[in-house]
Amino acid sequence: MNRVQLRFLSVADNVGLARVTAAALAGQANFSLNDIEEIKVAVSEAVSNAVIHAYRGRPDGWIQVDLELDSTGITIDVEDWGVGIKDIEQAREPAYSEDPERMGLGFVFMESFMHGFDVESTLGKGTRVHMRRFVTLSGELSRDAQ
């Protein structure tokens with residue numbers, strides 16, 4: 001088992017920091033290169049959402065990424081203390097975004113690339129995205145993960 005915790009300001013450049021850290025930790029397990037790419041996309045989307053939506057581009061908000069690797073896979077929590085999400089179910093709908101400049105696919109990517117995905121949010125207090133990706137063997141979930 002291994003754990004990493006990152007806490008950084010809501011600066012767009014820190015999306016890459018979170019991506020690289022997740023990839024480095026996932027690289028310690030039996031994930032394929034494709035698995036690692038999908039984990040990186042999911043982390044990028046979660047952190048980008050915090051930068052863009054939670055803090056509305058303000059560079060002074062905090063984002064925390066907790067990663068835990070065990071024999072069955074990787075667990076990733078991305079938390080912010082921003083504005084929160086009014087309607088989580090609506091926000092999870094494909095192509096929904098309060099920002100007309102955005103495609104609204106962040107949650108869709110996170111959910112499709114991970115084996116477990118959950119969002120908790122409170123208006124005015126922030127959002128926590130919880131994701132889990134299991135190590136797979138030939139496309140099947142490992143016995144430990146089932």
Q: Minimum heavy-atom separation for V135 to A29, with atom names?
A: CG2-CB, 4.2 Å
Q: Using the side-chain hydrogen bond (donor to acceptor under 3.5 Å, both in side chains) definition, which of the options R132, R133, H115 pairs with T72?
A: R132
Q: Are any of the side-chain heavy atoms of N49 and F107 separated by less than 4.5 Å?
A: yes
Q: How close do W81 and W62 get, heavy atom to heavy atom, and via which atoms?
A: CE3-O, 3.3 Å
Q: Give a yes or no on whether L6 and I76 share a hydrophobic cluster (residues Ile, Leu, Val, Met, Phe, Trp, Tyr; joining criterion: side-chain heavy atoms under 4.5 Å apart).
A: yes
Q: Looking at D80 and T127, would you say the former's side chain and the latter's main chain have a donor-acceptor pair under 3.5 Å?
A: yes
Q: More than 12 foreign heavy atoms under 6.0 Å from CG of L123: is that the case here?
A: yes
Q: Hydrophobic clustering (ILVMFWY, side-chain heavy atoms < 4.5 Å, transitive) - are V83 and V78 grouped together?
A: no
Q: Side-chain heavy atoms nearer than 4.5 Å, only ILVMFWY residues, links allowed to pass through others: does that put F8 and V129 together?
A: yes
Q: Using the test ring pair (Phe, Tyr, Trp, His ring centres under 6.0 Å), find all partners of F113 that sit at least two apart in sequence or belong to another chain.
A: F109
Q: Sequence neighbours excluded, which residues qualify as salt bridge (Lys or Arg N to Asp or Glu O under 4.0 Å) partners of D66?
A: none
Q: If we only count heavy atoms from C-beta on, is the E68 to R3 side-chain gap below 4.5 Å?
A: yes
Q: List the steps, then state whether side chain to side chain contact (heavy atoms under 4.5 Å, CB included) holds for I39 with M131.
A: CA-CA 9 Å; I39 290 166; M131 300 179 283; over 6 Å; no
Q: At what distance, to the nearest 0.5 angstrom, does CD1 of I36 lie from CG of L25?
A: 10.0 Å
Q: Identify the heavy atoms of V51 and S10 that sit nearest to each other, and give their distance.
A: CG1-O, 3.8 Å
Q: Find the distance between OG (S71) and CE (M1) and round it off to the nearest 0.5 Å.
A: 9.5 Å
Q: Please tell me whether S32 and N34 have a donor and an acceptor in their side chains that are separated by less than 3.5 angstrom.
A: no
Q: So, using salt bridge (Lys or Arg N to Asp or Glu O under 4.0 Å) as the criterion, who are the partners of D60 when residues are at least two apart?
A: R58
Q: Ignoring hydrogens and angles, write down the donor-acceptor pairs under 3.5 Å from the side chains of residues 14-22, residues two or more places apart or on other chains.
A:
| residue | atom | partner | partner atom | Å |
| --- | --- | --- | --- | --- |
| N14 | ND2 | L9 | O | 2.9 |
| R19 | NH1 | S44 | OG | 2.9 |
| T21 | OG1 | L17 | O | 2.8 |

Q: Once salt bridge (Lys or Arg N to Asp or Glu O under 4.0 Å) is applied, do any residues pair with E79, and if so which ones, sequence neighbours excluded?
A: none
Q: H130 and T75: which non-hydrogen atoms are nearest, and at how many Å?
A: CE1-CG2, 3.3 Å
Q: Quick check: closest heavy atoms across S121 and G84, and the distance to 0.1 Å?
A: OG-CA, 3.3 Å
Q: Mind listing the closest non-hydrogen atom pair of L69 and Q28 along with its distance?
A: CD2-CB, 3.7 Å
Q: Among residues at least two apart in sequence or on other chains, which ones pass ring pair (Phe, Tyr, Trp, His ring centres under 6.0 Å) with F31?
A: none
